[in-house]
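Have a look at the structure below before the remarks.
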Amino acid sequence: MTGASNRRRFFQQCGCCETPQFKAAGLSRRELMVSGMAAGLSALASPSAALAQAPATTAATPKKIIDVHHHLSAPSLLSELRTHKLGSPPTFNWSVSKSIGDMDKAGVATAMLSFTTPAVSSEWLGDQARTRQLARECNEYAVQLAKDHPGRFGVFANLPMLDTEGSLAEIAYAFDVLKVDGVGILTSYGNKYLGDPLFAPILEELNRRKAVVFTHPTAGTCCRNLVADVPVQTIEFATDTTRTIASLVFSGTAARTRDIRFIFSHAGGTMPYLIERFTELPKLNKAVAPHVPDGVMHELSRFYYDTAQASHPGALSSLTKLFPVSQVLFGTDFPFRTSEEHLKGLESFGLSTADLQLIERDNALKLLPRLKG
């Protein structure tokens, strides 16, 4: 399907133009589409241009929430995604003004920016040099956005993970020059999960730096298009998170890199529901036992888990029963979901005011003390 037909299909499905507000304004669907596309292109042209469009930042947000799972788009990445026929309407339709507008509605003071799947990887780009260049361009773009909007954004930098030398170089540049808050990587690359020996030098360097490592799910090459009409994000994303947690724990990588602060999306995927199988494995497979010298729960309880698309009783009940509230972070998955949805889900779950404060802000401040300012 061509890019033009994709855009037509998206706008045909979009119901925004049918709202009473738009009808009252007397604007046609075509007028709205043209003005909306022009605004979107202007916002993505540069962070400075985006700044001019952004609504005025609220002087003081009531709750001062920190969202650790919030996506952005960068012009160079969007160009590559179009070329490779990847990406989705929310990714292409993102703008900084939409991010800040969504944050302000729910009292989100700061959002940690990261790039969603497929992120930047030679797995789909097929060119190592271009992958390195694109990771650099995306990281610089995100950091400029944060500079243009003081206090509103933090940054998790991209790494070209299948390229060890390139990743180590980007870690040095991202932390030492750009001063990012951490890195954002996928749960797998091809069929390699994060405990794979290929990634050991990268994780060792991140461990040395005591880095925050935000992980975002994808779908392994093994497990795409398995069920008709069911996209990979419906099932496979949560499963891929579980696989990479297992890879880190049972390879011994988690025990060797205890200074990394891992954040796992979507309440840890399906791992909480499989916890008995995780804890039983070292008993069933004696070769695994030395890799978890302090036990499986010790490693799992050190990880952090966000609430993105998991602020509902099914996920929160198991997560908060298994792990301390100190390990739970507020996340939204914007622009795929909204801050208000997640705030309402958390508040209706029945957590105490003190626990809500931990999840919505204080736990993130312990990980990212720079945000206190």
Side-chain angles (χ1 to χ4, degrees), residues 68-69 156 159 161 167 171 181-189 192-217 238-307 310 315-329 331 355 358-359 362-369:
V68 301
H69 189 151
F156 291 142
L159 297 180
M161 286 290 287
S167 291
I171 288 170
D181 300 284
V183 300
I185 59 178
L186 299 181
T187 48
S188 66
Y189 295 83
K192 294 185 181 297
Y193 290 87
L194 296 181
D196 191 280
L198 174 67
F199 305 126
I202 301 170
L203 295 182
E204 287 169 5
E205 175 60 13
L206 292 170
N207 187 65
R208 186 185 72 81
R209 290 176 176 268
K210 297 179 171 58
V212 174
V213 176
F214 170 78
T215 68
H216 191 276
T239 305
D240 215 63
T241 293
T242 302
R243 290 192 182 108
T244 216
I245 292 173
S247 174
L248 287 166
V249 171
F250 297 123
S251 68
T253 303
R256 291 193 302 271
T257 59
R258 287 185 176 169
D259 285 330
I260 291 179
R261 280 79 58 76
F262 283 104
I263 301 172
F264 293 101
S265 301
H266 312 306
T270 60
M271 179 273 294
Y273 304 98
L274 301 176
I275 193 68
E276 182 176 347
R277 296 178 184 273
F278 270 61
T279 56
E280 287 294 306
L281 181 58
K283 302 173 188 176
L284 300 174
N285 183 354
K286 299 302 181 183
V288 168
H291 297 157
V292 281
D294 297 315
V296 173
M297 287 303 296
H298 177 82
E299 303 302 337
L300 297 178
S301 296
R302 294 189 302 103
F303 297 153
Y304 292 84
Y305 306 93
D306 76 36
T307 65
L316 292 174
S317 296
S318 57
L319 188 67
T320 56
K321 184 73 172 178
L322 290 170
F323 305 112
V325 173
S326 63
Q327 306 308 112
V328 183
L329 304 168
D355 283 348
L358 288 172
I359 293 171
D362 292 353
N363 292 340
L365 285 181
K366 292 178 182 178
L367 276 180
L368 305 159

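- In this structure, the side-chain hydrogen bond (donor to acceptor under 3.5 Å, both in side chains) partners of Thr187, at least two apart in sequence or on a different chain, are Asp240.
- The stretch residues 239-266 participates, sequence neighbours left out, in these ring-ring contact (aromatic ring centres under 6.0 Å, His included) pairs: His69-His266, Phe250-Phe278, Phe262-Phe264, Phe262-Phe303, Phe264-Phe303.
- Looking at residues two or more places apart in sequence or on another chain, you find a side chain to side chain contact (heavy atoms under 4.5 Å, CB included) between Asp196 and Lys192, Leu198, Phe199.
- Side chain of Thr244 to main chain of Thr241: no donor-acceptor pair is present (N/O by atom type, distance under 3.5 Å, no hydrogens or angles).
- Interatomic distance, CG of Asp259 versus CG of Asn207, reported as 5.0 Å (0.5 Å rounding).
- Legend: side-chain hydrogen bond (donor to acceptor under 3.5 Å, both in side chains) pairs involving residues 267-277, not counting sequence neighbours, sorted by first then second residue: Thr242-Thr270.
- In this structure, Ser251 and Ser247 approach most closely via the heavy-atom pair OG-O, 2.6 Å.
- Among all heavy-atom pairs drawn from Val328 and Asn363, the shortest one is O-ND2, 2.9 Å.
- The two residues Val212 and Leu367 come nearest to each other via the heavy atoms CG2-O, 3.8 Å.
- Closest heavy-atom contact between Leu159 and Ile185: CD1-CG2, 4.2 Å.
- Within the model, atoms CG of Leu368 and CG of Leu329 stand 8.5 Å from one another, a figure rounded to the nearest 0.5 Å.
- No donor-acceptor pair closer than 3.5 Å links the side chain of Thr215 to the backbone N or O of Leu186.
- Listed by chain and number, the residues in a side-chain hydrogen bond (donor to acceptor under 3.5 Å, both in side chains) with Ser167 amount to none (sequence neighbours excluded).
- Using a 4.0 Å cut-off between charged nitrogen and carboxylate oxygen, Arg209 and Glu205 count as a salt-bridge pair.
- Here the straight-line distance linking atom NE2 of His291 with atom CG of Leu281 works out to 11.5 Å at 0.5 Å rounding.
- The two atoms that bring Pro272 and Ala267 nearest to each other are CG-O, 3.4 Å, heavy atoms only.
- For residues 287-301, the pairs satisfying salt bridge (Lys or Arg N to Asp or Glu O under 4.0 Å) are Arg258-Asp294, Arg258-Glu299, Glu299-Arg302, with sequence neighbours left out.
- Nearest approach of Leu203 to Leu194, heavy atoms of both residues: CD1-O, 3.3 Å.
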